[in-house]
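Numbers restart at 1 for each chain; the letters A, B, ... are given by sequence-line order, proteins then strands. Predicted model only: the values in this text are computed from it and were never measured.
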Number of protein chains: 2
Amino acid sequence: MAEYDEHIASTPKGEGTYAAVLHEGWSVGGGLNGGYLLGVIGNAIRQELPDKPDPISVSAYYLGPGVPGAATITTVVRRRGGSLATVAAELWQGDGDQASPRISVLASYGDLGSLPDDVRTTAQPFDMPPPEECLGRTFAKGSEPSLSHRFEMRFHPDRTSFTTGEPSGKGEFSGWFRLADGRDPDPILLLSVVDLLPPVTFDLGMPGWAPTLELTVHVRAKPAPGWLRVRHATRNMAGGMFEEDCEVWDSAGRLVAQSRQLARQPRPAK
Amino acid sequence: MAEYDEHIASTPKGEGTYAAVLHEGWSVGGGLNGGYLLGVIGNAIRQELPDKPDPISVSAYYLGPGVPGAATITTVVRRRGGSLATVAAELWQGDGDQASPRISVLASYGDLGSLPDDVRTTAQPFDMPPPEECLGRTFAKGSEPSLSHRFEMRFHPDRTSFTTGEPSGKGEFSGWFRLADGRDPDPILLLSVVDLLPPVTFDLGMPGWAPTLELTVHVRAKPAPGWLRVRHATRNMAGGMFEEDCEVWDSAGRLVAQSRQLARQPRPAK
């Protein structure tokens, strides 16, 4: 079993409830990465809907930080019929009176394999040299977050925000992505990929953790095997918040996922 | 009381439940407009959160068509503390055993007036001649939807998809918007505005109703009085679905709302 699948696994406990153990290997900043947590929830929802295997749209509201250890995912099906099923889900942590929801989700699942095969995408995949000509992210010795061992990222050699620490000021960056153990992408992994890279505020000279308030991802097709191309961009940083749009393109040149999140601006380090 | 406020009003019935009467004046195609319904729900949530007057992020999953007449809005607060409160809400219609949820929502509310006043928006407002030099939408005699009497739209005289019926093929359009009775915009109205205009597929030569599956709107600032500028665009029409991004700019030149929806492509008329 691939590492990612082990880490997002959960066990059905009846009545739409699933038990998971959140893995410390997805830590970054003060807690567990939100994309990883969305993969855990998305995988539990999938178990609840055997005839609707694929997430089509998932909206997550982040209520509190996820931490390594036991978690419970509760699911309630709001509509089961038709080509899409809609589910409300929550991820809880803490014992007894201390338990609190950390993420609240609404999601619609369906079967991506059953969709018509028309593609009239006008968006263009951004140019990237092949992965072997791109650069990995560098960290000061001992400062790698555990998250950074789960996957490989390769950035454009001319856009070196992450390799030199010099932001471009444009509020965007793009790179190649694949899991460290070579597990190929699938629709559930896309729920994680849209929130695994550093916040786009890094490219605006604002390093630091940018807590997600809300994130919605639309999965538009099953990704082909191989590297994914991921692009993050923001256009509206104001009022202490910013939106981050993410596109994920697969190795066959198809736009397979689009997401937008609303996040808080990183606070300057004290 | 302005027409819009009358039409989105609801009465508290205790335990987070609100009673509304959906108004036939927002009909289009086969049912009530989704943006209007979101205004009704958003207004009920606001009543539930007296110290958090403004929607910041609202995600809606459309489960079935809304129709004129009685509706019940149920709200459950998922988190009340901090600068944002998060609420799950549903709009129900139908009697007794026939009742079913029509829209399921997650939303975070706060106080837009309390946000820091930094604005580093890099997006540019699209150029539009002043409203009096723009063109209204024309309908064949007797074919105006009741919705069209609720507000004014004015389109760029050089981009006449809606005035001549000739789509540009670009998958985008923009226009001025204001309520017919001159009521000025506020954050709740923005929840409606992002889904009141015709689907962007109109500009791709695909007229007809495009049912929304999911819509998330981020309200980024209180809009200034006056006309709003609204832009719709799509970049990924594939697999029988398309995303529609919407931006709303206020009369002071501020990007006050951003939304994205996932919708089904209109089916060709038979």
Proximity breakdown for B/Ser114 and chain A, heavy-atom pairs closer than 4.5 Å
neither
Taking atom CG of A/Asp51 as the centre, does the number of heavy atoms from other residues, nucleotides or ligands within less than 6.0 Å exceed 12?
yes
Any chance the side chains of A/Asn236 and B/Glu247 put a donor and an acceptor closer than 3.5 Å?
no
Give me the atom names and distance for the closest heavy-atom approach of B/Ser83 to A/Arg264.
OG-NH2, 3.0 Å
Heavy-atom pair of closest approach, residues B/Arg78 and A/Trp92:
NH2-CZ2, 3.8 Å
What part of B/Pro101 gets closer than 4.5 Å to chain A, counting heavy atoms only: side chain, backbone, both or neither?
side chain
Tell me whether A/Tyr61 contacts the main-chain N or O of B/Leu106 through its side chain, where contact means a donor paired with an acceptor under 3.5 Å.
yes
d(A/Leu262 CG, B/Ile56 CD1) to nearest 0.5 Å is 8.0 Å
Okay, side chain of A/Arg220, backbone of B/Ala238: is any donor-acceptor separation there less than 3.5 Å?
yes
Most heavy-atom pairs under 4.5 Å with chain A, out of B/Ala107, B/Gly82, B/Ala60, B/Gly81, belong to B/Ala107
Less than 4.5 Å to any heavy atom of chain B: does that hold for the side chain of A/Ser104, its backbone, both, or neither?
both
So which of B/Gln265, B/Arg254, B/Glu214 has the largest heavy-atom pair count under 4.5 angstrom toward chain A?
B/Glu214
Shorter than 4.5 Å, heavy atoms on both sides: which option in B/Asp118, B/Leu115, B/Val105, B/Thr122 has the most such pairs with chain A?
B/Asp118
Hey, are the side chains of A/Arg260 and B/Glu243 touching, using non-hydrogen atoms and a 4.5 Å cut-off?
no
To the closest 0.5 Å, what do you measure between OG (B/Ser108) and CG (A/Leu63)?
7.0 Å
Greatest number of heavy atom pairs closer than 4.5 Å to chain B - which of A/Ser100, A/Ala123, A/Gly239
A/Gly239
Rounded to the nearest 0.5 Å, the NE2 atom of A/His218 sits from the CE atom of B/Met241 at a distance of 9.5 Å
By a 4.5 Å heavy-atom criterion (distance strictly below it), what part of B/Thr86 contacts chain A: side chain, backbone, both, or neither?
side chain
Atom group of B/Ser57 that falls short of 4.5 Å from chain A, counting heavy atoms:
both
Please flag which part of A/Leu112 lies under 4.5 Å from any non-hydrogen atom of chain B: side chain, backbone, both or neither.
neither
